[in-house]
Amino acid sequence: MTVPRFIDAKKRGQKLSVLTAYDFLWAALLDAAGVDAILVGDSLGMVVQGKATTLPVTLDEMIYHAEMVARAVHRALVIVDLPFLTFHVSPQQAVENAGTILKKTGAGAVKLEGGVNQAATIGALSAADIPVMAHVGLKPQSVLKLGGYKIQRDAERLLADARAAEEAGAFGIVLECIPRGIAEQITAAVRIPTIGIGAGPHCDGQVLVTQDMLGLTGPAAPKFVRQFADLGQQAGTAVHEYIAAVRSGQYPDEAHSHV
Ligand code: KIV
């Protein structure tokens, strides 16, 4: 998957599937399954590091994870989040940090949270030939200002954000936690693909945190997450069985021992 093909998918009416990965194992599995793009999200701060927000995630941590992911992937487009405070200071800061990510990881694109407020930065990245995806609606890096992870309902502002991102040169836009009707309106108003998360069925594609949709992050997943598997429960059962087998001496048996 290349950036031009990603954009063309919208013209062809082909819905795009995107999932997150943070390491080699999961990236290889998602790529082999045929997902269109893999996002190395700064959600790794919560999913991998167990932190309360994405704000502490650093550029070096993103590079560490993105390099493992990009090494595993042969087909999908790898998109890497620019973490908090790595692009807010100036467009130049963003170009330097995004360029460093692409150079050190082999990923194909970056994503940043913002629309109107980051138009100059999206423009600078685009002018430096760094493919950039925008992220509007609920922006997790703005959680302190927003006062929580809340559905965003200001249709006029959301549309302006999406249009500004497109005009500045973004190749796609994540729409997070917005009413489905507004997502439909935005999707019709822009030529680049919209990728929804908690934004209803009318987007050009969907993205989920892999661990959420596989049932690995517990019952507290947001309303929009459908659990396509319950791997958390299966893994728990397997570990219980392992503990019991070790304690009872049933494992290792003859079949799993060297002579
Ligand atoms: O960080 C992330 O994983 C994301 C997606 C959930 C869109 O930004």
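Both counts, for ligands and for their atoms, begin at 1 and track the order of listing. Numbers for residues simply follow the sequence, beginning at 1.
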Review point. Taking the minimum heavy-atom distance to atom 4 (C) of ligand 1, which of L39, I195, V174 ranks first?
Key: L39
Atoms of ligand 1 less than 4.0 Å from [X] heavy atoms?
X: G41; answer: 1 (O), 2 (C), 3 (O)
X: S43; answer: 1 (O), 2 (C), 3 (O)
X: I197; answer: 6 (C)
X: T20; answer: 3 (O)

Exercise for review: With salt bridge (charged side-chain N to carboxylate O under 4.0 Å, His left out) as the test, would you mind laying out the steps for R71 and E67 before giving the verdict?
Suggested key: CA-CA 6 Å; R71 198 148 32 87; E67 193 274 329; 2.8 Å; yes
Check your understanding: What orientation do Y251 and H256 show, parallel under 30°, tilted 30 to 60°, or perpendicular over 60°?
Key ->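 It falls in the tilted class, 30° to 60°.
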Review point. So, is D42 polar-close to ligand 1, with some N/O to N/O distance under 3.5 Å?
Key: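 Yes, D42 has an N/O under 3.5 Å of an N/O on ligand 1.
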Point to revise | N or O pair under 3.5 Å between K111 and ligand 1 | key: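 K111 vs ligand 1: N/O contact under 3.5 Å present.
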Point to revise | Criterion side-chain contact (heavy atoms from CB on, under 4.5 Å) against T121, the qualifying member of L112, V95, L82 | key: L112
**Study point:** Min side-chain heavy-atom separation T58-F84 under 4.5 Å
**Key:** no
Point to revise | Min side-chain heavy-atom separation I197-Q206 under 4.5 Å | key: no
Review point. Is D81 touching ligand 1 with its side chain, its backbone, both, or neither, if touching means heavy atoms under 4.0 Å apart?
Key: side chain
Review point. Does E113 reach ligand 1, in the sense of a heavy atom lying below 4.0 Å from it?
Key: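 It does not, in that no heavy atom of E113 comes within the 4.0 Å cut-off of ligand 1.
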Check your understanding: Charged N to carboxylate O below 4.0 Å: is that the case for D8 and R5?
Key -> no
Practice item. Please report the shortest heavy-atom distance between I192 and E166, naming the atom on each side. Key: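 Heavy-atom minimum between the residues: N-OE2, 3.6 Å.
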